[in-house]
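Notes for the one structure printed next.
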Amino acid sequence: MRVRVAACLAVLGWPVFLFAQTPPAPNSHPTYVELRALAPDAEALQVKDLVLQKDAATFTLTGAVHLLPAVNGRLTGAVFVGQGTMKYEPPIAAERNMLRHLTRGEPFEETFERAVFRFTDDTAAQIKAAATGTSAGSPGDAKDALKDTNQALRMQLKDNLHARILHDVLSPALGRLFHAYITGKKYSNRMAYMMDPQGAGFVAPEEVQLFSWASNREGIFAGHHYSSVYAKRERVPTTAGAWIDIQHQQLSTEIDQGGEVIGSASTTFIAALDGLSAVPLSLFPTLRVSGVTDESGTALPFIQEDKDEDADFWVVLPKPLAKGERVTIRTTYKGKDAVTAEGNDNFYPVARTNWYPNNTGIKDYATYDMTFTVHKRMRLVATGDFVDEKVEGDRYVSRWKTDYPLSVAGFNLGLFKRDEGTIGDYTVIALANTLSSNMITSLSRQLPIGSYDTASANRLALSESQLAMQIFSDYFGPISLKRVHITQQTACNYGQAWPGVIYIPTCYYWSPTIRHQLGIEQTEGGYWDSVASHEVAHLWWGHAVGWNSYRDQWMSEGFSHLSASLFLQAAYPKEPQRFRNFWKAMLEQITEKNSQGYRPNDVGPLTQGYRLNSGRTGSVTSSLIYPKGAYVLHMLRMMMWNRDTGDATFKELLRDFIATHRNRPVTTEDFQAVVEKHMLPEMNLDGNGRMNWFFRQYVYGTALPTYKLEHSVASTGGQTVLNLKITQSGVSDGFKMLLPLYVELTDGRIVRLGSATMIGNKTIEQQVPLGQIPIKRALLNYYYDVLGLEER
Ligand SMILES: [Zn+2]
């Protein structure tokens, strides 16, 4: 199906008279202009104890409501001045807990004297029906309140709400949007409660969120689906996107010596809702759109405000689409700063996922056909399969294409030295910059780092990546990509992965001695030895399978981190302590208090993802979703490990997971289902063939047990008997765990004895006859098999 569409596009081409007509100026759609300029009615409606029930929030208003004038016959807002309260109790426990971080433990009950409501639902009708009369109200206050909210949306939140409302005003479908901007008195004077069937901001595809942007209180303090979803126990399907599902992208991109991008994108998508009248696309704000056309070459109105303001890119369609209808639009754009020139033909692609018009906020798998043009002296590598390259005049042109969908497209460019190898079906190409970037040149003036030569590090990057590809193919099965580029990026201390293009941090290319001088030494978890393998692992975790929403992102980072531990275990067979040190470091990250006094594990579950960061709790996410996400998979690995078959069952589980969902986003529920398919009988602690006990405790929950082992070894008549006393504490009564037990033999070898099933806070005592095995001591949790603390 996708191949046919691509072929059609090639045949259609684009008419030469494309811009013979004058394209509409950005932001000039008359309805949009009208929405943007709305001011509240001078006259107000009087309300007394008016109750607006908006999902899990209850607003009670006594005072004056100034409606905003109708646009296209629709009322889209009201400003309230008076005495108001908002009570709110999210429908799920994890969200109630998160909200307590904002309210310091109290039930949420905010009071306010001003609020701006924006809506496309029936709020105006409710207000009118409840109004007890009209009055002069406080037109000045109402005007100021609206102005403040619009200013915050534009300059601070950088969210073009007017474009979002435009969609509903132009659509024949009924709108269901409701936003409340509240100047709260207790918790935050900059707070927004949002309901949007298309997904509420960051928490999309969830429809409800509460967030604050007041300083020291910023954060998303609640996010969830409509309460009815939980009441009915509905399973929310995996979606390609709330607005559109992009099928194919044909991208033509030119990058000049200064990093300026000149692009054109033909984007073929399917409408994901009935009455789709305008389409939001994610495009880096400095990439300024010069025009958008439909298949016939007709110019379409579009919205893109100033690059430093609410620059969201929206395209207004010529007519609303029905769900499932497919169209292609072509966008032309150009601008600086999406790719920055870092000196000596080193470039930094700043815009990671939106250097072309992309779907908003989610991983939308699409096929790509991309052509890139750079100066002939340079080389560019991109995601997907290499088609061809040529030099035309002083330009180097390369083409990259896939007939399988990719989660995202990316590239790297520069003047590279190249090392190449193969592993199985895969070609691995390592590319390091030939010359120093400005940052390295200036560092080398300040520090005695000697000459900067990336040659040996590039060979190391190649060999580590080859080994990683080999291990991960064995554990996780094949991926669609056949060619992987391991490339240097100018950022020092983090990497990133695209499908087939991996960015390795520039400081990887320095020797440990130089990194020592720079104060960026090896961590206990082995950062520099595992960063390449972590990024290679993203070819599976994040790309071969994506994530459906922020709730599922923990798997991408966590499983890539677990993969790094597999790499360390295989790459350094003579240094087994590296593996244990890695897990010890993971445990410390999860359980050591941050500067705000929070243990990351306590702030919230893995499924809150990046929302765990807030002004109250500090930066938590990276200390949680990487190490704890990894721990979840490590615990399963350890439970499934078998003396005779090793990781065989664990590999079957992961290969099945990838094969079942290949080139698609996955949910946490998808993962649990595959774990349940492969679980061993001893893991069936609930007796129902489900792994709810484990997911409830460690994925959706914040359980953290403490273990204590007391033991003695007795030897009578040449027979060894091990007396064990094991205590599990600090958990709820229903907490269950399979706790592995090891012994150290007198020759120093560590052998797994078996596991104890522990339920609740309790102590078990047991005598284990070991025959003639000479042992030195018993050990609990030797490989950090279970995420928990140890009491000595
Ligand atoms: Zn990562």
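None of the values given here were measured: they were computed from a predicted structure.
Between the side chains of Arg578 and Asn581, not a single donor N or O lies within less than 3.5 Å of an accepting N or O. One side chain, Ser227 or Asp55, offers a donor N or O that lies under 3.5 Å from an acceptor on the other. Judged purely by distance below 3.5 Å, without hydrogens or angles, the side chains of Tyr742 and Asn781 never pair a donor atom with an acceptor atom. Asp552 and Thr668 form a side-chain donor-acceptor contact under 3.5 Å, judged by distance and modelled atom types alone. For the residue pair Ser614 / Thr617, a side-chain donor-acceptor distance below 3.5 Å is found, with atom types taken as modelled. Using modelled atom types, one finds no donor on one side chain facing an acceptor on the other under 3.5 Å when comparing Glu218 with Ser212. Under the 3.5 Å distance criterion, with hydrogens and angles disregarded, a donor-acceptor pair is assigned to the side chains of Asn692 and Gln672. Between the side chains of Arg616 and Gln596, no donor-acceptor pair is found at a separation under 3.5 Å. Side-chain contact of Asp529 with Gln522: a donor-acceptor pair under 3.5 Å is present, judged by distance alone. Side-chain contact, Asp647 with Tyr475: a donor N or O sits under 3.5 Å from an acceptor N or O.
In summary, Glu95 and Arg551 engage in a salt bridge, as defined by a charged side-chain N under 4.0 Å from a carboxylate O. Comment: Lys584 engages Glu524 in a salt bridge, judged by a side-chain N to carboxylate O separation of less than 4.0 angstrom. Using a cutoff of 4.0 Å between basic side-chain nitrogens and carboxylate oxygens, Arg690 and Glu676 are scored as salt-bridged. Salt-bridge annotation for Asp312 and Lys158: absent, with no side-chain N of the basic residue lying under 4.0 Å from a carboxylate O of the acidic one. A salt bridge links Arg655 with Asp474; the closest basic N to acidic carboxylate O contact falls under 4.0 Å. With salt bridges taken as basic N to acidic carboxylate O contacts below 4.0 Å, one links Asp686 and Lys736.
Ring orientation note: the planes of His534 and His538 are nearly perpendicular, at an angle over 60° on the 30°/60° scale. Classification of the Tyr698-Phe694 ring pair by plane angle, with boundaries at 30° and 60°, yields tilted. A tilted orientation is assigned to the rings of Phe695 and Tyr700, their planes being inclined by 30° to 60°. Using the six-membered ring where Trp is involved, Tyr88 and Tyr193 have ring planes that are perpendicular, over 60° apart on the 30 and 60° scheme. Between Tyr598 and His101, the two ring planes are perpendicular [angle over 60°; tilted spans 30° to 60°].
Tested against Phe559 for a ring-ring contact (aromatic ring centres under 6.0 Å, His included), the candidates Trp540, Phe476, Phe671 yield a single pass: Phe671. With Phe202 as the partner, the ring-ring contact (aromatic ring centres under 6.0 Å, His included) test is satisfied by one option alone out of Trp213, Tyr610, Tyr550: Tyr550. Applying the side chain to side chain contact (heavy atoms under 4.5 Å, CB included) test between His561 and each of Phe582, Tyr631, Trp541 identifies Phe582 as the sole match.
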Item to check | Full working for side-chain hydrogen bond (donor to acceptor under 3.5 Å, both in side chains) between Asn613 and Thr621 | outcome: CA-CA 6 Å; Asn613 290 340; Thr621 303; 3.2 Å; yes
Checklist entry - Is there a side-chain hydrogen bond (donor to acceptor under 3.5 Å, both in side chains) between His225 and Glu207 once you walk through the steps? => result CA-CA 5 Å; His225 286 293; Glu207 300 90 356; 3.0 Å; yes
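Residues Phe211 and Phe221 place their aromatic rings such that the two centres sit no closer than 6.0 Å.
Few gaps surround NZ on Lys186; more than 12 heavy atoms of other groups in view lie less than 6.0 Å from it.
For Ser473 (side chain) and Gly477 (main-chain N/O), no donor-acceptor pair under 3.5 Å exists by modelled atom type.
Distance check, rounded to the nearest 0.5 Å: CE of Met639 to CE of Met737 gives 5.0 Å. Here the CE-OH distance, from Met586 to Tyr626, works out to 11.5 Å after rounding to the nearest 0.5 Å.
Figure legend: Arg190 and Tyr187 shown without cation-pi pairing, the cationic atom not lying both under 6.0 angstrom from the six-membered ring centre and within 45 degrees of its axis. Both the sub-6.0 Å distance and the 45° axial angle are not jointly satisfied by Lys628 relative to the ring of Trp554.
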